[in-house]
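Numbering starts at 1 and runs along the sequence shown. As the structure lists them, so they are numbered: ligands from 1, and atoms in each ligand from 1. Keep in mind it's a predicted model, so treat the numbers as computed, not measured.
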Amino acid sequence: MLSDEKYDSGALLLNFDELIHHNPEIKKERLAQMHALVRNEGLDAFYNCMDEFGIGREIYLHETELQQIAVSDSRDTADVADEKNEIPVQLSRSSGLFHRITAHTDVREKDRSEMTVIENQGFTSWEGTVSNRPVLTFMPRSVSGLKNLVTWANTEKMRLRACGYRHSSSDVFSENGQSLVSMVNVQTATKLPAKYPKMDPENDLEGIQLMGRPYQKNGLTKIKCKIGAATCNYHFQDWVHDPAGGNFNWALPLNVIMTEISFGGSNAMICHGAGIKNPTISDLIQEISFINVRGREQTITDKALLRAAAGSFGLMGPVTSLTFELDAMTYASFKTVQKKPLALTIPPPVGNSLPAHVLKNLSSENRALLDSKKDLDEAFQHFVDCCENYYYAEWFWFPLQDQCWINCWNNDGDPAKSVRYPGASDTSIQRAMSYLAYLADECLGDHTPSVVKKIQTKLMGSLAMWLLPDKKDIVCTMEDALHFRSGIQNFKTRMMEMQIPVPDLPDTGNADWSVCQKAWWAVLDVFYTAENMKSFPMRTTLEMRIMGGTQNIHMASQHGNQRTCCIEVLTPVAVDEKVWDKFLQQVLDKWSELRDCHGRYLNIRPHWAKRFDGLMITRDPSWLDEWDDAQKAVLQKYVSKGSASISVPMRVYMKEIAYKEQIPEFVRKLEIICKKGGYTLTDMQRRFSNPFFDDIIYDHADVVSVKRVPGRFGKYPLFSSSGRHSDQSCCAGVTSLFKRRLG
Ligand SMILES: Cc1cc2nc3c(=O)[nH]c(=O)nc-3n(C[C@H](O)[C@H](O)[C@H](O)COP(=O)(O)OP(=O)(O)OC[C@H]3O[C@@H](n4cnc5c(N)ncnc54)[C@H](O)[C@@H]3O)c2cc1C
């Protein structure tokens, strides 16, 4: 059992900070008043005080105020910890200030030691879009430990969700009052500047092991490789180049760019890389093992079931390992990686003259190039060639830059010329520069004059462009080429990414790449409006990748596509969230307008791991003609008579339109997996889902009878400081407390 810890009232306030850290209305006096209330009059008075503000409206504690209180309260907290011989750990501000790291006597690891757990630690996703406070955050180190953890969760009727590096920006983690399994050590995942611990041979959940012998498939040599779910991309990168490991023999054919990402995380969210021949990461999975709701390790190898299991958002239970299909090593040649003027990178679509506000802001060189049909035609042919024939195809525009970076290469490099890329010193420089840039942005904040924002944007873009290669004769392993940029973890950004299917041209079966041109220039259109040229919402980059699709993974946002345009906008987290959201909606409004050659709207779908909740899909009333009767009935409330447009919230759009056919298929497969494991879908949902998935997956009409399963909170009180709530045996969640108190 966990100790019935005594927290003082100050710690209580600190623990409360995530719930109240946004609203600028609260003043220092109010905070002091609340603090005094808790000290002198206890929790009830505190709750009454909170009633006054309402939980929906979050209250902002200024950082320095928070720090002052932290200092004054830390003595008490530390004293209590000393008495118990426990270590209070200081984590990032966004995670709350003081938490208690301890060991759980009921949940044992393989060696019978108690599993490490942190009580009441606030959770914040990397981008800061998701904040909640699980009662317990476990850090398991063994498969047996995870089994015991699930068994414990069953006894306590706790929901359990995993996390890796917390890079996903959608609401896919744990929730207030429930439990979280941090597969990556919490400090490693949250502390900046990032550290890169080696794989721990004592940790069952980390590890890389080749399985069986190489084999031939589609003319390529392949091998199976089992990877622990807590293993990260930088571990794999080290292993690939380690003579005692992969020894330059094997590579993943695709991956996300960032190295600070766990395999459990990138697979759960069906992540992707680039290249027309490449599907998603989940398509590479040959076997997935997880701890099911009965506390047993279950393994799926059946191809039909893998279609659901290999991209299942952690809904089956904590994943322990994944077996990937690796390719024999090939080498990337960066000779074709180059910088080009914006006008000739992805030229504007033919016949669509650029709006005046875009033209006005382009450099004279770019404007002149737009007048040269020959140059534009050649540029388009080059773009198509990159999309259709290059192993890897990616484009970047750093805002306010006259040139773009074209990261398109083939894997035909000469192994004899291969070097590590980026090299050791460049890696250190990139990591340090990312962190410094992040600190600078955070210091500046967003309350700066337009001219400062503009300089900041221009400077960052120039620096990024300066670091990137241009037609250099560099050859490196596939693994290094996929992770061409280091230190991304140190520069927190906001992101939105949509997967846009690239349709066929009429009658030919060839790709209509003009969709990519339209999507690309739509961002420039929005970026250069007079309004946005004051606030500069997008200060990091516009990125486009071309990849294939998948006919395989049910819940992939590329499902059913032959080719996919993955287009993304990024900005530093320092940019005002409201300004950014407005910009995202403006961009999304343009992407939502894209249609195929028959005039049908394209089935654009957000990346599951990026920001999308709260955005709307807005289209003209002809959209109604694409809906069947069931959709019309469900979506009727979004259609107003006489209105020039229909706006549907993103989540509803995903449920009822974008994934209408995929969700039932996915759930059907999950049901079979449950049956094989000897439990029901309801059991699984109850233990491993969260409100987001309850809504989007389990609440789908005609799929299952299970609706939202109300979480029963465990018996551990979230705060037990005053003793007034010591009799409250079944109500640990902040949300539940506030829901109860504030309605
Ligand atoms: C800067 C940046 C760059 C990115 N680049 C790319 C890119 O190039 N391509 C791309 O497709 N995506 C990209 N992403 C998205 C990223 O790959 C996903 O967010 C990925 O899920 C992050 O992995 P993670 O270890 O942080 O997992 P988390 O975000 O911590 O977890 C993601 C989900 O996986 C579940 N999960 C994690 N581990 C387990 C486990 N062991 N068992 C069960 N469930 C588990 C969690 O419950 C959660 O639902 C990027 C994100 C960032 C922030």
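- Checked by atom type and distance alone, the side chain of H483 pairs as donor or acceptor with a backbone atom of V256 at under 3.5 Å.
- For the pair R687 and Y679, the cation does not sit on the ring face, since its NZ or CZ is not both under 6.0 Å from the ring centre and inside 45° of the axis.
- At a 4.0 Å cut-off, at least one heavy atom of K610 sits close enough to ligand 1 to count as contact.
- At the shortest separation from atom 42 (N) of ligand 1 among protein heavy atoms lies V319 N, 2.7 Å.
- Using a 4.0 Å cut-off between charged nitrogen and carboxylate oxygen, D200 and R141 count as a salt-bridge pair.
- For ligand 1 and G317, the ligand atoms under 4.0 Å from any heavy atom of the residue are 43 (C).
- Atoms of ligand 1 found under 4.0 Å from any heavy atom of P318, numbered from 1 in the order shown, are 42 (N), 43 (C).
- Within the 4.0 Å heavy-atom criterion, the part of I488 lying near ligand 1 is the side chain and not the backbone.
- Distance from atom 33 (C) of ligand 1 to its nearest protein heavy atom, with residue and atom name: M269 SD, 3.5 Å.
- Here atom 36 (N) of ligand 1 lies nearest to G264 when heavy atoms of G264, S170, G273 are compared.
- Short contacts between ligand 1 and W126, defined as distances under 4.0 Å to a heavy atom of the residue, involve ligand atoms 1 (C), 53 (C).
- Looking at atom 24 (P) of ligand 1, its nearest protein heavy atom turns out to be Y165 N, 3.4 Å.
- Between F263 and F324, a ring centre-to-centre spacing shorter than 6.0 Å is recorded.
- At a heavy-atom cutoff of 4.0 Å, ligand 1 is contacted by both the backbone and the side chain of C271.
- Atom 12 (N) of ligand 1 has its closest protein heavy atom at H607 NE2, 3.1 Å.
- Counting the atoms of ligand 1 from 1 in the order shown, those under 4.0 Å from a heavy atom of R161 are 47 (O), 49 (O).
- Considering only non-hydrogen protein atoms, atom 22 (C) of ligand 1 sits nearest to H167 CB, 3.7 Å.
- In this structure, F398 has its ring center under 6.0 Å from that of F396.
- Here D695 pairs with K655 in a salt bridge; the nearest charged N to carboxylate O distance falls below 4.0 Å.
- Under a 4.0 Å N-O distance rule, the pair D613/R651 qualifies as a salt bridge.
- Comment: R611 engages D581 in a salt bridge, judged by a side-chain N to carboxylate O separation of less than 4.0 angstrom.
- When atom types are taken as modelled, the side chain of N411 and the backbone of A332 share no donor-acceptor pair closer than 3.5 angstrom.
- A salt bridge links E568 to R545: at least one charged side-chain nitrogen sits closer than 4.0 Å to a carboxylate oxygen.
- Set against the non-hydrogen atoms of G314, the atoms of ligand 1 under 4.0 Å away are 43 (C), 44 (N).
- Between S174 and ligand 1 there is no heavy-atom distance shorter than 4.0 Å.
- In M258, the part holding a heavy atom less than 4.0 Å from any atom of ligand 1 is the side chain.
- Which parts of ligand 1 touch A268 is read off a 4.0 Å heavy-atom cut-off, strictly below it: atoms 34 (O), 35 (C).
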**Request:** Test R539 against D446 for salt bridge (Lys or Arg N to Asp or Glu O under 4.0 Å), laying out the working first.
**Result:** CA-CA 11 Å; R539 289 179 218 160; D446 209 23; 2.6 Å; yes

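- Among protein heavy atoms, atom 45 (C) of ligand 1 sits closest to A162 CB, 3.6 Å.
- Using a 4.0 Å heavy-atom cutoff, E260 is absent from the residues neighbouring ligand 1.
- The ligand atoms of ligand 1 that sit less than 4.0 angstrom from a heavy atom of V172 are 47 (O), 48 (C), 49 (O).
- For ligand 1, the polar-atom distance check against A229 finds no nitrogen or oxygen pair separated by under 3.5 Å.
- Under the 6.0 Å cut-off for aromatic ring centres, F491 and Y435 do not qualify, their centroids lying 6.0 Å or more apart.
- Ligand 1 has at least one atom lying under 4.0 Å from a heavy atom of R545.
- No close placement of the F484 and Y421 rings is indicated, their centers lying 6.0 Å or farther apart.
- Under 4.0 Å from ligand 1, the heavy atoms of F173 that appear belong solely to its side chain.
- Aromatic ring centres of Y659 and W608: separated by under 6.0 Å.
- Put simply, part of M495 is less than 4.0 Å from ligand 1, judged by heavy atoms.
- Remark: R159 engages D694 in a salt bridge, criterion side-chain N to carboxylate O under 4.0 Å.
- Here's the thing with T493: none of its N/O atoms is less than 3.5 angstrom from an N/O atom of ligand 1.
- In summary, the atoms of ligand 1 found under 4.0 Å from a heavy atom of C163, numbered by their order in the structure, are 30 (O).
- Screening Y196, W126, Y165 against E260 for a side-chain hydrogen bond (donor to acceptor under 3.5 Å, both in side chains) leaves a single residue, Y196.
- Summary of contacts: the protein heavy atom closest to atom 25 (O) of ligand 1 is S262 OG, 2.7 Å.
- Summary of contacts: the protein heavy atom closest to atom 19 (O) of ligand 1 is S168 OG, 2.8 Å.
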